[in-house]
Every structure is written in structure tokens, then in C-alpha cells.
Student: 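Sharing a structure, written as C-alpha cells. Questions coming.
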Amino acid sequence: MYANDRASKDLGMRILEVRPGYAKLAMLVREDMLNGHASCHGGLIFSLADSAFAFSCNSHGGVVVAAAASIDFLAPAQGGDELTAVAVERWRSRRNGVYEVTVANQRGDTIALFRGRSHQIREHQA
């Protein structure tokens with residue numbers, strides 16, 4: 001899946017670990033990711049969390065997409081910060097799942113909490 005994920009790769013996201021129901025990704029906040037307040041654009045923090053969510057919910061082998069997602073921004077990320085997103089499966093049925101993602105900086109400060117709901121559209125990748 002990562003091989004075909006241009007968005008995650010172009011944003012510099014790196015997969016640190018994936019196992020069933022779990023994914024851990026990292027991303028360096030580059031200068032071109034900063035908003036007008038000189039902090040990381042919230043959409044890019046969301047993208048990191050969303051990618052961790054995607055790898056976590058697709059870790060069981062089916063083709064799974066997001067049905068809903070929300071994020072709470074708790075603290076800003078700055079240029080040069082190394083962000084880590086950890087996605088954990090909280091509940092899963094045959095076709096649906098609920099996942100929580102914590103995004104933290106290199107000091108371990110939690111900067112965002114993301115919650116996503118997944119829906120499986122196919123049993124296996126075509």
C-alpha cells in the first residue's frame with residue numbers, strides 16, 4: 001500500500017511499524033509545511049494521523065477506507081519537529097472499525113488526538 005501512496009511519501013512520512021490493528025508513522029515538519037503563524041499547518045498533522053489510521057485499518061488484508069474522522073489539536077508543532085503518529089484499533093467488526101491515533105512530537109508532547117471510523121469495501125486488494 002505504501003508503495004502506491006504518493007501523498008504520504010511526498011510529505012516525507014515514514015512507516016516505523018505496522019502490525020494487525022496498529023501502525024506507527026513519523027514525519028519531519030519542513031519549512032514548507034508551516035502556516036501563516038509559523039506553526040505546522042493543521043491539515044498536515046491531520047494527514048499524518050490519517051495515514052497512520054489508513055495503514056492500521058488496512059493491516060488485516062482487506063481494502064478499507066475512512067468513513068469518518070475527527071481531530072483535536074492540543075498544541076502546535078514547529079518547523080523541525082519530528083512528529084510520530086500511533087494508530088491503535090479500538091474496535092473492529094467484519095466491515096467496520098474504530099481507531100484512535102495519537103500524534104506526538106520528539107519530546108513526547110501530545111499535539112493531536114484523532115479518531116477514525118473505517119469501512120471495508122473489499123475482502124482483498126485487487
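These values consider heavy atoms only, across backbone and side chains, with no hydrogens, waters or symmetry-generated copies.
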Student: How far apart are the closest heavy atoms of Val103 and Ala49, and which atoms are they?
Tutor: CG2-CB, 3.9 Å
Student: If hydrophobic clusters are built by linking Ile, Leu, Val, Met, Phe, Trp and Tyr wherever their side-chain heavy atoms come under 4.5 Å apart, do Val86 and Phe46 end up in the same one?
Tutor: no
Student: Going hydrophobic residue to hydrophobic residue with side-chain gaps under 4.5 angstrom, can you get from Tyr2 over to Met27?
Tutor: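 Hydrophobic grouping puts Tyr2 with Met27.
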Student: Atom CZ of Phe55 and atom CD1 of Ile15: how far apart are they, to the nearest 0.5 Å?
Tutor: 4.0 Å
Student: Which heavy atom in Ala26 sits nearest to a heavy atom in Glu82, and how many Å separate them?
Tutor: CB-OE2, 3.4 Å
Student: Keeping Ser8 on the side-chain end and Met13 on the backbone end, is there a donor-acceptor pair under 3.5 Å?
Tutor: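 The answer is no, because no donor-acceptor pair under 3.5 Å joins these two groups.
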Student: Give a yes or no on whether the backbone of Gly21 and the side-chain of Ser59 come within a donor-acceptor separation of less than 3.5 Å.
Tutor: yes
Student: Mind checking the CZ-NZ spacing from Arg19 to Lys24? Nearest 0.5 Å is all I need.
Tutor: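 NZ of Lys24 is found 9.5 Å from CZ of Arg19.
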Student: How many angstroms lie between atom CD of Glu17 and atom OG of Ser56, to the nearest 0.5 angstrom?
Tutor: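 Between atom CD of Glu17 and atom OG of Ser56 there are 11.0 Å.
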Student: Any side-chain donor-acceptor pair under 3.5 Å between Gln120 and His60?
Tutor: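 No - no donor-acceptor pair under 3.5 Å links their side chains.
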Student: Which atom pair, heavy atoms only, marks the closest approach of Asp81 to Gln106?
Tutor: OD1-NE2, 3.1 Å
Student: Scan the side chains in residues 108-115 for donor-acceptor partners under 3.5 Å anywhere in the protein, sequence neighbours excluded, and list what turns up.
Tutor:
unit_1, atom_1, unit_2, atom_2, d
Asp109, OD2, Asn105, ND2, 3.3
Asp109, OD2, Arg107, NE, 3.3
Arg115, NH1, Glu100, OE2, 2.6

Student: Keeping Ser47 on the side-chain end and Gly43 on the backbone end, is there a donor-acceptor pair under 3.5 Å?
Tutor: yes
Student: So which atom in Val64 and which in Cys57 form the shortest heavy-atom distance, rounded to 0.1 Å?
Tutor: CG2-O, 3.4 Å
Student: Quick one: does Asp5's side chain have a donor or acceptor within less than 3.5 Å of a partner on Met1's backbone?
Tutor: no
Student: Could you pull out all residues at least two apart from Asp72 that satisfy side chain to side chain donor-acceptor pair (under 3.5 Å)?
Tutor: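 Counting only residues at least two positions away or on another chain, Asp72 forms no side chain to side chain donor-acceptor pair (under 3.5 Å).
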Student: Side chains of Leu11 and Leu44, heavy atoms from C-beta outward: is any pair under 4.5 Å?
Tutor: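 Yes, their side chains come closer than 4.5 Å.
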Student: Could you state the interatomic distance from CZ (Arg92) to OG (Ser118), rounded to the nearest 0.5 Å?
Tutor: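 Output value for this atom pair is 8.0 Å.
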Student: Would you say Leu83 ends up clustered with Val18 if hydrophobic residues are merged whenever their side chains have heavy atoms under 4.5 Å apart, either directly or through other cluster members?
Tutor: yes
Student: Looking only at heavy atoms, what is the nearest atom pair of Phe53 and Ala87, with distance?
Tutor: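 What the structure gives for the nearest pair is N-CB, 3.9 Å.
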Student: If you take all heavy atoms of Ala85 and Val101, which pair is closest and at what distance?
Tutor: CB-CG1, 3.9 Å
Student: According to a 4.5 Å side-chain heavy-atom criterion applied to Ile, Leu, Val, Met, Phe, Trp and Tyr, with indirect links allowed, do Leu48 and Phe73 form part of one hydrophobic cluster?
Tutor: yes
Student: Taking the side chain as every heavy atom from C-beta outward, state whether Gln78 and Ser39 have any atom pair closer than 4.5 Å.
Tutor: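 Result yes, sub-4.5 Å side-chain heavy-atom pair found.
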